[in-house]
Amino acid sequence: DMVDGLIISLSRETKNLEYYQSLLRQNYPIVFFNRYNEELPTSKVIFDDFKWAFFVTEHLVRQGCKKIYHLSAYQHLLLARNRIKGFKKALSKHKIDFQNEWIIETGLFVEEGEKIMHEIIKKGDIPEAIVCANDKTAFGAMRAIKRAGLKIPDDIAVTGFSETPFVEIVDPPLTSVAQPTYEMGEIAAKLMLRKIENENMTPETVILNGSLNIRKSSQKNTPIN
């Protein structure tokens, strides 16, 4: 067997955890990074999703936005649930009455962001801003907003998450949360080596920090300080 261990980031397909559970029962070294499920007792390197979803939502509130939708990732992922908590916390801090329908499970892909945003616009119930699960869903949402003849950020402010290489070149440039992806991989590899060297190692969780890069897509003309 050539594989000494697995370093994994879960995706939309991974609702079936039995495969990983069986590997873990055999004490097979697995380390998760970024997207994981808390039912799997193994080491993980994660991002402080709660905190940064809070900050990005608060940024929109400070731009004068009150009706803010969250296009969330798949809710079987803990990162999605943590971002929802951060989103809600920012609204409650600023005394904004949150409505359940403001959170829409969208996914992580361009087509999903486009489809959901198209449906929102079609209903005619248009938010002042959207917090997207990641940059890809934000790109899709922006496409749908433009197709409807609406302006970003004047009609709808948009934020992404994960600072992909395209955030600077979309029009308008996209506000996004930068995650320390390289560092995440590096720490995951170190945890993996430690586990290979010591089978009985207690699982560790490392939580990393990020930064909010504000660009034109979320800057309304009348910021509220």
Participant: With rounding to the nearest 0.5 angstrom, report the CG to OG1 distance, L174 to T164.
Facilitator: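 Here the interatomic distance stands at 7.0 Å.
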Participant: Does this structure show an ion pair linking K216 with E168, if we count only N-O contacts that are shorter than 4.0 Å?
Facilitator: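 Looking at K216 and E168, the cut-off is not met.
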Participant: For K146, I'd like to know if atom NZ has over 12 heavy atoms of other residues, nucleotides or ligands within 6.0 Å.
Facilitator: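 Above 12, so yes.
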Participant: For the backbone of S72 and the side chain of E105, can you confirm whether one donor and one acceptor N or O come within less than 3.5 Å of each other?
Facilitator: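 Not at all, since once roles are kept as given, no pair shorter than 3.5 Å links the two residues.
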Participant: What is the minimum heavy-atom distance between Q75 and A80, and which atoms define it?
Facilitator: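 The pair with the smallest heavy-atom distance is CA-CB, 4.1 Å.
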Participant: In Å and rounded to the nearest 0.5 Å, what is the CG to OG1 distance from L212 to T159?
Facilitator: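 Those atoms lie 8.0 Å apart.
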Participant: Rounded at 0.5 Å granularity, tell me how far CD1 in I84 sits from CG in D49.
Facilitator: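 So the CD1 of I84 and the CG of D49 are separated by 11.0 Å.
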Participant: If you measure from the Lys or Arg side-chain nitrogens to the Asp or Glu carboxylate oxygens, is any gap between R143 and E114 under 4.0 Å?
Facilitator: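 Looking at E114 together with R143, the answer is yes, because their closest N to O distance falls below 4.0 Å.
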Participant: Could you please spell out the steps behind the side chain to side chain contact (heavy atoms under 4.5 Å, CB included) verdict for L91 and W102?
Facilitator: CA-CA 11 Å; L91 296 179; W102 289 4; 4.0 Å; yes
Participant: Would R194 and E199 count as a salt bridge (Lys or Arg N to Asp or Glu O under 4.0 Å) here? Give the steps.
Facilitator: CA-CA 8 Å; R194 222 177 289 166; E199 277 195 355; over 6 Å; no
Participant: Roughly how far, to the nearest 0.5 Å, is the CG atom of D154 from the CD atom of Q219?
Facilitator: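 So the gap between those two atoms works out to 11.5 Å.
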Participant: With side chains defined as the heavy atoms from C-beta onward, is the minimum distance between V158 and I145 less than 4.5 Å?
Facilitator: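 V158 vs I145: side chains touch.
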Participant: For atom NZ of K195, decide whether the heavy atoms of other residues, nucleotides or ligands shown that lie under 6.0 angstrom number more than 12.
Facilitator: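 Yes, the 6.0 Å shell around NZ holds more than 12 heavy atoms from other groups.
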Participant: Quick one, Y20 and I30 - any side-chain contact, counting heavy atoms below 4.5 Å?
Facilitator: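 When only atoms from C-beta onward are counted, I30 and Y20 do touch, with a gap below 4.5 Å.
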Participant: Give a yes or no on this: more than 12 heavy atoms of other residues, nucleotides or ligands lie within 6.0 Å of atom CZ of F98.
Facilitator: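 Yes, because the 6.0 Å sphere around CZ of F98 holds more than 12 heavy atoms from other groups.
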Participant: Decide yes or no for T106 and C132: does some side-chain heavy atom of the first lie under 4.5 Å from some side-chain heavy atom of the second?
Facilitator: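 No, their side chains stay 4.5 Å or more apart.
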Participant: Looking at F54, F50, F55, which hits ring pair (Phe, Tyr, Trp, His ring centres under 6.0 Å) with W52?
Facilitator: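 Among F54, F50, F55, the one that satisfies the ring pair (Phe, Tyr, Trp, His ring centres under 6.0 Å) with W52 is F55.
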Participant: Shortest non-hydrogen contact from I46 to M184?
Facilitator: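 Of all heavy-atom pairs spanning I46 and M184, the closest is C-CE, 3.9 Å.
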Participant: Relative to the ring of F161, is the ring of F47 parallel (under 30°), tilted (30 to 60°) or perpendicular (over 60°)?
Facilitator: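 Because their plane-to-plane angle is over 60°, the rings of F47 and F161 count as perpendicular.
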Participant: Where is the tightest heavy-atom contact between A133 and A73, given as atom of each residue plus distance?
Facilitator: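 Answer, listing the atom of A133 first, then A73: CB-N, 3.4 Å.
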Participant: Consider only side-chain N and O atoms of S9 and N34, and report whether a donor and an acceptor are under 3.5 Å apart.
Facilitator: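 No.
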Participant: Enter the distance from E163:CD to T181:OG1 here, rounded to the nearest 0.5 Å.
Facilitator: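 The distance works out to 9.5 Å.
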Participant: Contact between I120 and L71 at the side-chain level, heavy atoms closer than 4.5 Å - yes or no?
Facilitator: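 The answer is yes, as the side chains (C-beta and beyond) meet within the 4.5 Å cut-off.
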Participant: Does N134 use its side chain to pair, donor to acceptor, with the backbone of T137 at less than 3.5 Å?
Facilitator: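 Indeed, once roles are kept as given, a pair shorter than 3.5 Å links the two residues.
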Participant: Shared ILVMFWY cluster between L208 and Y182, side chains joined below 4.5 angstrom?
Facilitator: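 As far as the 4.5 Å side-chain criterion goes, Y182 and L208 are not connected within one cluster.
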Participant: Begin with the C-alpha distance, continue with both residues' side-chain angles, and end with the deciding distance and a verdict on side chain to side chain donor-acceptor pair (under 3.5 Å) for D135 and S176.
Facilitator: CA-CA 7 Å; D135 294 340; S176 189; 2.7 Å; yes
Participant: Can you tell me if Y28 and D4 form a side-chain donor-acceptor pair at under 3.5 Å?
Facilitator: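 There is no such pair (donor and acceptor under 3.5 Å, judged by atom type) between the side chains of Y28 and D4.
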Participant: Could you check if a side-chain atom of S43 sits within less than 4.5 angstrom of a side-chain atom of P203, using non-hydrogen atoms only?
Facilitator: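 Side-chain contact under 4.5 Å: yes.
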Participant: Answer yes when E111 and K115 have at least one side-chain N-carboxylate O distance shorter than 4.0 Å, and no when they do not.
Facilitator: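 A salt bridge is absent here (no side-chain N lies under 4.0 Å from a carboxylate O).
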Participant: Determine, step by step, whether K44 and E204 satisfy the salt bridge (Lys or Arg N to Asp or Glu O under 4.0 Å) criterion, reporting the C-alpha distance in whole Å, the side-chain angles of both residues, the deciding distance to 0.1 Å, and the verdict.
Facilitator: CA-CA 6 Å; K44 48 189 90 74; E204 287 179 52; over 6 Å; no
Participant: S218 and H59: side-chain donor and acceptor closer than 3.5 Å?
Facilitator: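 Present: a donor and an acceptor within the cut-off.
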Participant: Is there a chain of hydrophobic side chains (I, L, V, M, F, W, Y, each step under 4.5 Å between heavy atoms) that links V45 to I196?
Facilitator: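 Cluster IDs for V45 and I196 match.
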Participant: Using every non-hydrogen atom in the two residues, find where I121 and A144 come nearest and quote the distance to one decimal.
Facilitator: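 Nearest pair, atom of I121 first, then A144: CD1-O, 3.8 Å.
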Participant: So, do H94 and T57 sit near enough that their side-chain heavy atoms are less than 4.5 Å apart?
Facilitator: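 Side-chain contact under 4.5 Å: no.
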Participant: Relative to each other, are the rings of Y74 and F109 parallel, tilted or perpendicular (30° and 60° limits)?
Facilitator: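 Y74 vs F109 ring planes: tilted.
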Participant: One pair to check against side chain to side chain contact (heavy atoms under 4.5 Å, CB included): I130 and I156. What are the steps and the verdict?
Facilitator: CA-CA 7 Å; I130 54 170; I156 305 174; 4.2 Å; yes
Participant: On a heavy-atom basis, which atom in Y69 and which in F87 lie closest, and how many Å separate them?
Facilitator: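 Closest heavy-atom pair between Y69 and F87: C-CZ, 4.1 Å.
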Participant: Starting from L150, can I reach I116 by hopping between I/L/V/M/F/W/Y residues whose side chains sit under 4.5 Å apart?
Facilitator: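 Yes.
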Participant: Just so I know, are the side chains of C65 and K220 near enough to count as touching, which here means a heavy-atom distance under 4.5 Å?
Facilitator: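 SC-SC contact between C65 and K220 confirmed.
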Participant: Using modelled atom types and a 3.5 Å cut-off, is there a donor and acceptor pairing between side-chain atoms of Q99 and backbone atoms of D97?
Facilitator: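 Between the backbone of D97 and the side chain of Q99 there is a qualifying donor-acceptor contact (under 3.5 Å).
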Participant: Considering only NZ, NE, NH1 and NH2 on the basic side and carboxylate oxygens on the acidic side, decide whether E18 and R25 come within less than 4.0 Å.
Facilitator: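 Yes, E18 and R25 are salt-bridged.
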Participant: Charged N to carboxylate O below 4.0 Å: is that the case for K66 and E128?
Facilitator: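 Judged by the 4.0 Å cut-off on N to carboxylate O distance, K66 and E128 do not form a salt bridge.
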Participant: Do L60 and V131 come close enough that some side-chain heavy atom pair is under 4.5 Å?
Facilitator: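 SC-SC contact between L60 and V131 confirmed.
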Participant: Can you tell me how far CD1 of I8 sits from CG of L6, rounded to the nearest 0.5 angstrom?
Facilitator: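 Those atoms lie 4.5 Å apart.
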Participant: Side chains of N209 and K51: is there a donor and an acceptor less than 3.5 Å apart?
Facilitator: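 Per modelled atom types, N209 and K51 side chains form a pair under 3.5 Å.
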Participant: Using the rule that Ile, Leu, Val, Met, Phe, Trp and Tyr join whenever any side-chain heavy atoms are under 4.5 Å apart, tell me whether I214 and V56 fall into a single cluster.
Facilitator: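 I214 clusters together with V56.
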